[in-house]
Structures are given as C-alpha cells and as structure tokens.
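A quick write-up on the structure given underneath.
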Amino acid sequence: MSVPSGEIGHDAAPAQGEILGAVVVGAGFGGLYALHRLRALGLSVVGIEAAPDVGGTWYWNRYPGVRCDVPSLLYSYTWSPELRAGWRWSERYAAQAEILRYIGHAADRFGLRPLIRFETRVVGAIYDDNAEVWTVSTNRGDCFRARFCIMATGCLSIPNTPDIPGLSDFAGTILHTAQWPHEPVDFAGKRVGVVGTGSSGIQAIPLIAETARHLTVFQRTPNFSLPSRNRPLTEQDHEQFEAGFEAYLESLQHSDFGRVPPTAETAPIPPRDVQWQRYEALWQEGGGAILYAFPNILTHHGVNDVACDFVRGKIREAVHDPQTADDLCPTDHPLGVKRICVDSGYFETFNRPNVTLVNLRREPLERFTPTGAQTSERAFELDMLVFATGFDAVTGALLAMDIRGRGGRALKEAWSDGPRTYLGLGVAGFPNLFTITGPGSPSVIGNVIHNCEHHVDWLVACIEHMRRDDLQTVEPEAAAQDQWMDHVADVASRTLYPEANSWYLGVNIPGKPKVFMPYVGAGYRHTCSQIAADGYTGFRFEEGTTKSHWPGVQRDAGQAPGPAPGGS
Ligand code: NAP
C-alpha cells in the first residue's frame, strides 16, 4: 500500500511492509539531488530530515553575518539548465537566507518536498543479512525498509559545544551559531561573549559588535582570514558566467579545485617578492583565492611561510593596538591547513571601543559563572554567550546513528580507530550503504555542492549497473578499502595539513581518533570514473539470495510510498 497523494507528511498513512528502493537521510544539497536522481531512475524513495524544511546545514546556521565563502555563481547545482535559468544570485557571496531560498526553489522546482519526512531524525539503520534490506528507524517510532541506504547527512551538521565548567550555572542567554533561533536576536544594550574564532565566529563577530553594548571575544587560536570584498553581482558578472558555463562544467571533470595538484612536489619555490605581489593582487580581489596562488602553497613551507607573513602584515595594518594585533596573528599553523576564513571587516572590528579580545592562550577560560566568565586573570560580566565552536565534523552525523552492517557489526566499532571507507563512498561490511561526501573523499575540500553532485552521479550509475546485471548488493572489498585509506593518509602526510589541530583531523572533539578525514589528492573524479569503467574495481557485488528483483523500481516515478509501521 502506498500513500495515494504522494505526500509524506507526519500524518501520512503508513504502507504495510513495503520495501523501498532507497531511503535518503538528509535533505541538504546532497540528499535533494539524490532523491531527484533515484526517483528518476524509477526507485521508490523516501527522504528523512531532522529539520522542518530542506537546506541541511544552511537551515540551521542563521547567525548574523552567515554567508558562503564560495562565490554564489559557483555555489550552485550544475545539473539543471532550467534551475540555472530560473535563478539569479544577487551577491558575489550569497547570504544564508538567499542560499536557503535557492535550495527551497530547487526542491519545489523538482517536486522533492513531498518525498521527504521532515522533523524526523534517523536513530538507526540496520542491515538485515537474510532479507538484504536496510531497516531505517526514526525518533518518531516508524521504520522504513529499503534496498539502498543513502547517507546524505552532511559534514558539518552536529554542533560542538565544549564542556566548560559552570556553563549550566550561566543565567544569561546561551546561543550556538549552528543552532541559531529563527526569531531575531537583539544584542542591543547587551554584554555579549563569543567563544570561537573559526569561520562562524569571524563572520558573526563584526555584526554582533555593531549593536552589542560590549562584545568580548574569547579566542583560543587566531585564524587566517581574507577579505571577501563581497558586492552585488552585475549584469556583466552574470553574462560572463553564462558565457563560460560549458567550459566551467567541463573543467569540473578534471579540476582539483581546492586539492593538492600533482605538480605540488616538483613546482619551484617562487621568489619572495613574486609571491608577495601575487598575494597582494589576490588580497585586493578578495575571497579565498590566495590558497591556490601557487601549486605548492599547501605542501611547502618555503611558500606557505611567505603567505603567512603576508597575511600577518595585513592584520597588523588593520588593527591599531599592537598587542591586540599580535594576539590576532596566527603563528601555530600554516595558512590554509585549517579551513581558511573569509570575512567582512573582522580584524577592523577589534578597533571598536566596545570590543575586547581575550587571548585564552595567555589567560585560559577557567569557568562560566551565573553572571559571566572567569579566566585565570579576570572576570567578565556577560548577558549573552555565543558559542561559535564548530562541529563534530565529517563523521559526527554518521556516528550519531546506530548503523549496523553485516552480522550486526556497528559502524562505531568498524570506525573505532577512525573512519574507513573506499573512496569515501562506501564501507566494507555495509552493503548497499552509500555515504555522500563521506570521509576519505574530498568532502569538505573545494566546492561541497559539486562534491555532492559527483557522489550522487557515481552512486546512481552504480545502481543502474546493478539493475542492468540484476545484482543485489554492492560493498567495498576490505583490501581495496585498506589500500584507499593508506593512500588518503599518505597524500595528507605529504602536505602541511597535519600541522594544524583542525577539525579535518577530528582533534576538536575530545576522544575522537586523530585521522585526517578529507581526501586532498588530485584526480579524484578520474579515479572514481576509472574504477567504474573497469567494472567497479575494489567493489564486491552479489547476486543475493532473496531474488527480490528490484523492489520499488516498478513504482511510477514521483509517487511516494509511506513508512512501514513499527518501532525502532
Ligand atoms: P571551527 O572552525 O571548528 O571553529 C571553532 C572555534 O571554536 C575555534 O576558534 C576553536 O578554537 C574554538 N573553540 C572550540 N572549543 C573551544 C574551547 N573549549 N574553548 C575555546 N575555544 C574553543 O567552527 P566554525 O567556525 O563553525 O566553522 C566550521 C566550518 O564550517 C568551517 O571551517 C567551514 O568549513 C564551515 N563554515 C563555512 C562558512 C562559510 O562558508 N563562510 C561559515 C561558517 C562555517 P581552536 O581553533 O583553538 O580549536
């Protein structure tokens, strides 16, 4: 039985024991595209999303100043000419509200909302070895049975609030940038404390400072940040982008945007003055392009050190008080090996009389009190606390669910020493489970939307291949996975990335294994294509025992089945 209207609202009548083609967990950029493609393939699909609407991380992150640090013309789906023609970005770097409208527009344009069960959190996904299906259970007590389980849970979706003594005693308002309220937050007349100076803090701080009575910024590690030079897009910008779009699309197949190019190890080290001129030009242009100024900027101190000096010089020019400027200068990690920040007036904010920088390296934060914060040196009276303390990134959302593969083996156990995948797409022992932008893939490096699209296209082609050959299951071979993970680690070790305590390595979360999670090597798309073209080398397919012959694929495209009854 299916839901006749095609609606998957909370009150939808459940279908009895139906095996779906796929369950897609998460309705951000990756999940929505997966729903679209899998439905077009003829699979019955259901999306499950914790938020009340589409958008993923862009739904939750609504703090003042939040915008994307990838140019909006590029931070867009590439797969639909109609979608492109029907949307016009207003600014060089889009603000969150516009990005959310764009995602909503895409969901409506392709009729994806009816496929999604909103305000529902997946708590478990268990593979049934005998039936060869996944049972996906939710916090609402229902469960869905499906042949494929697509985890589009995002890399930055589980907020991290550090366990600092006394937090529960604090009597004022506590906010987290990644769980921002929908109602406007009024800082006027308030003494506000911000903890954290990563991308989120660096975007929020200038805006909070504009209205707060006083803003105290608690900084543990200063970050490199580059000016966005955001501006409205012009007619000419749009025309230029459209004229170059086909070439851009083609370039995506070969480009390693954001990753370490093959020439990194052999490239010469440019003279300091040549580097300086290039950095100056890119600084004036705005955005994060300094990261790609030279092929070896992320592999060689001879280049990276100059880039660091350059940005530190800019910080000292911007900040009037020499001690504050000094405290804002990053010295403990190379540029770009923590995610580079892009800002609008961040450093200048510290010239305001209502802003105080607290260097937690000099005076550690000891505890919160009912009325504020106490460092080793001073007490701060605060009315509001804003945590801009980031995420349990890349693996956090996957490990928050009870995922069990063959023989009931838990993903938490399989990943107890750090995540292990093949290509970041699948996990040995977890058949028919795909991880969109999973660890071991470029994931957060480069343009995440394009990384999502690439993974969805790849897994859809794989499912088509299985349908053609009537194959029941696919999963990575353990040996191929081991080899891939060794390669991921080897590539990272030949860069400067491991020299920072970053969330790329998981070190921001106490107890999380220290493993460099994204793949930063070149030619990832080519590798994935080649593996598919060679008959999916490193993946093991099985004809299966149930001969269920593609449950869900006979359903008319667009018709949405409901959940099966039952508890989690
Ligand atoms: P983040 O980069 O992980 O930064 C967290 C900040 O909180 C760091 O400054 C960290 O200091 C600090 N912190 C954590 N625990 C602390 C503690 N116990 N005491 C004091 N300080 C503590 O998180 P984020 O800023 O939310 O950014 C995460 C990622 O989201 C970014 O890297 C980016 O990929 C994405 N993002 C993108 C945009 C954009 O497109 N513009 C905007 C926001 C976020 P330490 O460095 O010392 O750990």
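Whatever order the structure lists ligands and atoms in, that order sets their numbers, starting from 1.
Counting the atoms of ligand 1 from 1 in the order shown, those under 4.0 Å from a heavy atom of Val195 are 20 (C), 21 (N). Every atom of ligand 1 is numbered from 1 in the order shown, and the set under 4.0 Å from a heavy atom of Arg67 is 39 (C), 40 (O), 41 (N). In summary, the atoms of ligand 1 found under 4.0 Å from a heavy atom of Leu360, numbered by their order in the structure, are 20 (C). Every atom of ligand 1 with a heavy atom of Arg339 under 4.0 Å away is listed here by number and element: 31 (C), 32 (O), 33 (C), 34 (O).
The shortest heavy-atom distance from Tyr75 to ligand 1 is not under 4.0 Å. Residue contacts with ligand 1 include Phe391, since one of its heavy atoms falls under 4.0 Å from the ligand. Ligand 1 lies less than 4.0 angstrom from a heavy atom belonging to Thr197. Put simply, part of Leu156 is less than 4.0 Å from ligand 1, judged by heavy atoms.
Of the N or O atoms in Lys338, one or more lie within a sub-3.5 Å distance of an N or O in ligand 1. Considering backbone and side-chain N/O of Thr221, one or more are found under 3.5 Å from N/O of ligand 1. The shortest N/O to N/O separation between Asn501 and ligand 1 does not fall below 3.5 Å. Ligand 1 has no nitrogen or oxygen under 3.5 angstrom from a nitrogen or oxygen of Thr177.
A salt bridge does not link Glu98 with Arg67: none of the charged nitrogens is closer than 4.0 Å to a carboxylate oxygen. Checked for salt-bridge contact, Lys314 and Glu280 meet the test: a charged N lies under 4.0 Å from a carboxylate O.
The number of heavy-atom neighbours closer than 6.0 Å to CG of Asn501, taken from other residues, nucleotides and ligands shown, is 12 or below. Atom CZ of Arg367 is surrounded by more than 12 heavy atoms from other residues, nucleotides or ligands within 6.0 Å. Residue-environment remark: NE2 (His300) stays at or below the threshold of 12 foreign heavy atoms within 6.0 Å. More than 12 heavy atoms of other residues, nucleotides or ligands lie within 6.0 Å of CD in Gln284, so this atom counts as buried by the packing criterion. Environment of CG in Asp490: crowded, with over 12 heavy atoms of neighbouring residues, nucleotides or ligands closer than 6.0 Å.
Ranked by closest heavy atom to atom 15 (N) of ligand 1, the top entry among Gln203, Gln219, Arg361, Arg220 is Arg220. Nearest residue to atom 27 (O) of ligand 1 from Pro364, Ser200, Pro159 is Ser200 (criterion: closest heavy atom). Between Gly65, Cys341, Gly198, it is Gly198 that holds the heavy atom closest to atom 4 (O) of ligand 1.
The shortest contact between atom 23 (O) of ligand 1 and any protein heavy atom is with Gly390 CA, 3.0 Å. When hydrogens are left out, the protein atom nearest atom 36 (N) of ligand 1 is Ser199 CB, 3.9 Å; that is the closest non-hydrogen contact. Nearest protein heavy-atom contact of atom 12 (C) of ligand 1 is Gly196 CA, 3.6 Å. The closest protein non-hydrogen atom to atom 3 (O) of ligand 1 is Trp503 CD1, 3.4 Å.
Side-chain contact check for Arg361 and Asn359: no donor-acceptor pair (N or O, by modelled atom type) lies under 3.5 Å. Residues Gln203 and Tyr63 bring a donor and an acceptor atom of their side chains to less than 3.5 Å of each other.
By the 4.5 Å heavy-atom criterion applied to side chains, Leu385 and Leu167 are counted as neighbours. Contact of the Leu32 side chain with the Val54 side chain is registered, since non-hydrogen atoms from C-beta on lie closer than 4.5 Å. Contact annotation: the side chain of Arg229 never approaches that of Glu285 to less than 4.5 Å [non-hydrogen atoms, C-beta and beyond].
Within the 4.0 Å heavy-atom criterion, the part of Ala388 lying near ligand 1 is the backbone and not the side chain. Heavy atoms of Tyr63 found under 4.0 angstrom from ligand 1 belong exclusively to the side chain. The proximity of Pro162 to ligand 1, defined as any non-hydrogen pair under 4.0 Å, is limited to the side chain.
Under the side-chain hydrogen bond (donor to acceptor under 3.5 Å, both in side chains) criterion, Ser76 pairs with Trp89, sequence neighbours left out.
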